[in-house]
Participant: 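Handing you a structure now.
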Amino acid sequence: MHQGTVGVERVNTRCCIVGGGPAGMMLAYLLARAGVDVLVLEKHADFLRDFRGDTIHPSTLELMYELRLLEEFLQRPHDEVRQLNGWIGESLLRLGDFTHLPTHCKFIAFMPQWDFLSFLAEQARRYRSFGLLMNTEATDLLVEDGLVTGVRAKSAQGQLEIRAGLTIAADGRHSVIRQKAGLEIIDLGAPMDVLWMRISRAESDASITLGRIDAGKFLVMLNRRTYWQCAFVIAKGSYEKLRASGLPAFRAHLAELAPFLRDRVEEIADWEQIKLLTVVVDRLKRWWRPGLLCIGDAAHAMSPVGGVGINLAIQDAVAAANILAGPLRTRAANDDELAGVQGRREFPTRATQRMQIAVQNNVIKRVLGSTHIKAPWILKLVDRWPLLQRIPARLIGMGFRPEHVKTPDAQSLR
Ligand SMILES: Cc1cc2nc3c(=O)[nH]c(=O)nc-3n(C[C@H](O)[C@H](O)[C@H](O)COP(=O)(O)OP(=O)(O)OC[C@H]3O[C@@H](n4cnc5c(N)ncnc54)[C@H](O)[C@@H]3O)c2cc1C
């Protein structure tokens, strides 16, 4: 780094990645491993963001295997879920079976995202060409004659100007970078938002992640050992109405869905303990412009339906590394290469979003508007026929067009 005019720090790098989420960290790791100079900016001081869900999919675990990291990774505390079960009204249904997937790990690993991201950061730090600036927020693009040449950013130490041969927007579903780039967004709509809160977990509670659906209500609970991370799904725009009906009424909804929490829902003593997460489903018409590429939620914000957004973000990162690492070792990426990444990832994105929208409209919208609930016949059929359970397992566990690591390990270790 060197100091420029009026106290602006100037930094040069081959590739600047904005956002240290799953997409940004995976791409940074792969590029650094391939010997490309890369710098990640993450606006938070740590990876302790708890709003992503905890799913590490079989396809991601397969990538870990290809990277020879699987054994070390699985030593971190995690739970392995081989079958997908959900309560719908009074019925407990089996909706997916991962044990037949053609992958080394035939399960979803549940691990808090901060453990996963810290693991990737640790691995990436072994390479000389990797840099990570925490507490550093990108605020604008640097543009010269229509070409994006980097970003402006602010940190506790002051202003920064990062010049890069390629800028990657991996800054999530409210991406500032894609907005500054003026890329056109196709909004696909979402009928729900999510209330996100913690309730303590007792040793005697079930250990698996639970999904519970009842008339007008929908709850997903992630086991984070000492507490349950609860996601309570509400109709979009209904938060104020729910708040007006008071905390006791809200706690009663929770207790109805998860009666074993009845003595603990009192822990929610203030609306401040409940975070409203707005669900967005959209995608960019064009994921790039000269000098800039968007990946992950910044290119296509995913619904929480199916818990597949993290998977898609990571698959984008692998595809981007496969296409761009070679050129980036010696030069900036050209337009054809950036378009190539969109070309590779557009079909899986569209197909996954189409599925999510179908579930949003045919299941979630109906559940939220219903006064009594019965499991749909199609889910009963899946529950009864183990062969059918392989289909959702494949779609969730591997997704469409799973990627494989094609980038080399350049061995330029610190
Ligand atoms: C309520 C909810 C629950 C979900 N549950 C699941 C689930 O269980 N499983 C699943 O697979 N998917 C889930 N999803 C979807 C999933 O969270 C996303 O698809 C996934 O996180 C996308 O990864 P990403 O790396 O593209 O973006 P993000 O995970 O959003 O990461 C973006 C990163 O960029 C940083 N950042 C943002 N702006 C800036 C800036 N200007 N400068 C620097 N840094 C910046 C952020 O701090 C963040 O770390 C859920 C989504 C929601 C809304």
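Read the numbers this way: they start at 1 and go in the same order the structure lists the ligands and their atoms. Worth knowing before you read on, the calculation uses all heavy atoms, side chains too, and leaves out hydrogens, waters and symmetry mates. Given the structure is predicted, the values throughout are model-derived calculations rather than measurements.
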Participant: Closer than 4.0 Å to some heavy atom of Gly19 - which atoms of ligand 1 meet that?
Facilitator: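 That gives atoms 33 (C), 34 (O), 35 (C), 44 (N) of ligand 1.
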
Participant: When the ring centroid of Phe116 is compared with that of Phe73, is the distance short of 6.0 Å?
Facilitator: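 Ring centroids of Phe116 and Phe73 are less than 6.0 Å from each other.
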
Participant: Give a yes/no on ligand 1: does His57 have at least one heavy atom closer than 4.0 angstrom to it?
Facilitator: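 Yes, His57 has a heavy atom closer than 4.0 Å to ligand 1.
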
Participant: When you compare the side chains of Asp316 and His300, does any donor N or O come within less than 3.5 Å of an acceptor on the partner?
Facilitator: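 Asp316 vs His300: donor-acceptor pair found between side chains.
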
Participant: Looking only at non-hydrogen atoms, which of Asp171, Asp193, Val280, Val233 approaches atom 38 (N) of ligand 1 most closely?
Facilitator: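 The residue whose heavy atom sits nearest atom 38 (N) of ligand 1 is Asp171.
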
Participant: Determine, considering heavy atoms only, which of Ile314, Asp297, Leu133 sits nearest to atom 19 (O) of ligand 1.
Facilitator: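 The option holding the nearest heavy atom is Asp297.
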
Participant: To which of Ala299, Gly172, Ala169 does the heavy atom nearest atom 27 (O) of ligand 1 belong?
Facilitator: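 Closest candidate by heavy-atom distance is Gly172.
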
Participant: Determine, considering heavy atoms only, which of Cys294, Ala138, Ala313 sits nearest to atom 42 (N) of ligand 1.
Facilitator: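 Among Cys294, Ala138, Ala313, the closest heavy atom to atom 42 (N) of ligand 1 belongs to Ala138.
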
Participant: Can you figure out which of Pro304, Gly309, Ala190 has its heavy atom closest to atom 12 (N) of ligand 1?
Facilitator: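 Comparing heavy atoms across Pro304, Gly309, Ala190, the nearest one to atom 12 (N) of ligand 1 lies in Gly309.
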
Participant: For the 3.5 Å polar cut-off, considering only N or O atoms, please tell me whether Ser303 and ligand 1 meet it.
Facilitator: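 The answer is no, given that Ser303 and ligand 1 share no N or O pair closer than 3.5 Å.
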
Participant: Select one of side chain, backbone, both or neither to describe which atoms of Ala170 lie under 4.0 Å from any atom of ligand 1, heavy atoms only.
Facilitator: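 Answer for Ala170: backbone.
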
Participant: Determine, for Trp228 and Arg224, whether the Lys NZ or Arg CZ falls below 6.0 Å from the six-membered ring centre while staying within 45 degrees of the axis.
Facilitator: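 Relative to the ring axis of Trp228, which defines the angle, Arg224 lies outside at least one limit.
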
Participant: From the options Glu42, Met26, Lys43, Met302, select the one whose nearest heavy atom is closest to atom 35 (C) of ligand 1.
Facilitator: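 Considering heavy atoms of Glu42, Met26, Lys43, Met302, the nearest to atom 35 (C) of ligand 1 sits in Glu42.
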
Participant: For residues 353-365, which residue pairs qualify under side chain to side chain donor-acceptor pair (under 3.5 Å), counting only residues two or more places apart or in two chains?
Facilitator: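 Every pair satisfying side chain to side chain donor-acceptor pair (under 3.5 Å) with a residue in residues 353-365: Arg283-Gln353, Ser303-Gln360.
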
Participant: Around atom CZ of Arg225, are there more than 12 heavy atoms from other residues, nucleotides or ligands closer than 6.0 Å?
Facilitator: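 Yes.
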
